[in-house]
Enquirer: 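First, the structure itself, so that you have it in front of you.
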Amino acid sequence: MLIGISGGIGSGKSVVSRILRLKGMTVYDCDSEAKRLMADSHKIKERIRDEISPQVTDGERIPDRALLAEIIFNDETARKKLNTIVHGAVRDDVLKRMATERILWVEAAILAESGLAEFCDRIWKIVTPTDLRISNVVNRDGCSVEHAFKRLRSQESEQHLLIKYENKTDMIFNNSQSSLLFQIEELLRDVVAY
């Protein structure tokens, strides 16, 4: 069984993943694994050099993540190219991991855009107020409110793409009125029954 953990930047996906790991569950973190794949794969580095910018990598050295982030958050075409390059590799890696796990959670900011939502049996969508998301990003990354808002906006299309998967989506509300732990435990009851 594959369960996607979705939600935009600053929504609390990492917190939900940490809770699951503490409960002994296996969670595949797409961001961390994408960084590993970009560092290890010459093919990915060459494609980033050729299709995005030779300043980011020469095809051998690990891509300069700060420069790459600056490019993709300011250039929609470059962002889509990077997603095509990296998320195809991540998707293949997730499917390999599926062969070794009875239940696997996959944490991804762009679950639908990456194509992973198609493979998920269930999707746990983290819903968080925009002001809290911006605050989370500013506090975590030490960036300006404007930069955080720009990053949120760059992921807006994902929410529209996820509508296609409403029939297999469960909402987790990350706000001051709902207990994350309680909501996760409720959803885990259904998963354990699987």
Enquirer: Return the set of residues passing side chain to side chain donor-acceptor pair (under 3.5 Å) with Ser41 (not counting sequence neighbours), or none when no residue passes.
Expert: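 Per chain and number, Ser41 pairs via side chain to side chain donor-acceptor pair (under 3.5 Å) with no residue.
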Enquirer: List, by chain and number, the other hydrophobic cluster members for Met171, where Ile, Leu, Val, Met, Phe, Trp and Tyr join if side-chain heavy atoms come within less than 4.5 Å, directly or indirectly.
Expert: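 For the cluster that includes Met171, the remaining residues are Val127, Phe173.
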Enquirer: Check whether Arg102 reaches the backbone of Met1 with its side chain - one donor and one acceptor, N or O, closer than 3.5 Å.
Expert: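 Looks like no, no N/O pair under 3.5 Å.
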Enquirer: Salt bridge or not for Lys23 and Glu185, using N-O below 4.0 Å?
Expert: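 Looking at Lys23 and Glu185, the cut-off is met.
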Enquirer: Below 4.0 angstrom, N of the basic side chain to O of the carboxylate: do Asp58 and Lys45 qualify?
Expert: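 No salt bridge links Asp58 with Lys45.
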Enquirer: Hydrophobic side-chain clustering at under 4.5 Å (ILVMFWY, transitive links): who's grouped with Phe182? Put none if nobody.
Expert: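 Under the 4.5 Å side-chain rule, Phe182 groups with nothing.
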Enquirer: Give a yes or no on this: more than 12 heavy atoms of other residues, nucleotides or ligands lie within 6.0 Å of atom CZ of Arg153.
Expert: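 It does not: Arg153 CZ has 12 such atoms or fewer within range.
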Enquirer: Tell me, which pairs form a side-chain hydrogen bond (donor to acceptor under 3.5 Å, both in side chains) where one or both residues lie in residues 5-15, sequence neighbours left out?
Expert: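 Qualifying pairs, neighbours excluded: Ser14-Glu107.
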Enquirer: One pair to check against salt bridge (Lys or Arg N to Asp or Glu O under 4.0 Å): Arg122 and Asp170. What are the steps and the verdict?
Expert: CA-CA 7 Å; Arg122 299 296 307 163; Asp170 300 298; 3.0 Å; yes
Enquirer: Going by ring-ring contact (aromatic ring centres under 6.0 Å, His included), name the pairs with one or both residues in residues 114-172, residues two or more places apart or in two chains.
Expert: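 Residue pairs passing ring-ring contact (aromatic ring centres under 6.0 Å, His included), neighbours aside: Trp105-Trp124.
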Enquirer: Begin from the C-alpha positions of Glu76 and Arg79 and carry the test salt bridge (Lys or Arg N to Asp or Glu O under 4.0 Å) through to its verdict.
Expert: CA-CA 5 Å; Glu76 181 68 14; Arg79 185 183 72 77; 2.7 Å; yes
Enquirer: Taking only residues two or more places apart in sequence, or in another chain, which ones meet Lys150 in a side chain to side chain donor-acceptor pair (under 3.5 Å)?
Expert: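 So Lys150 forms a side chain to side chain donor-acceptor pair (under 3.5 Å) with Asn74.
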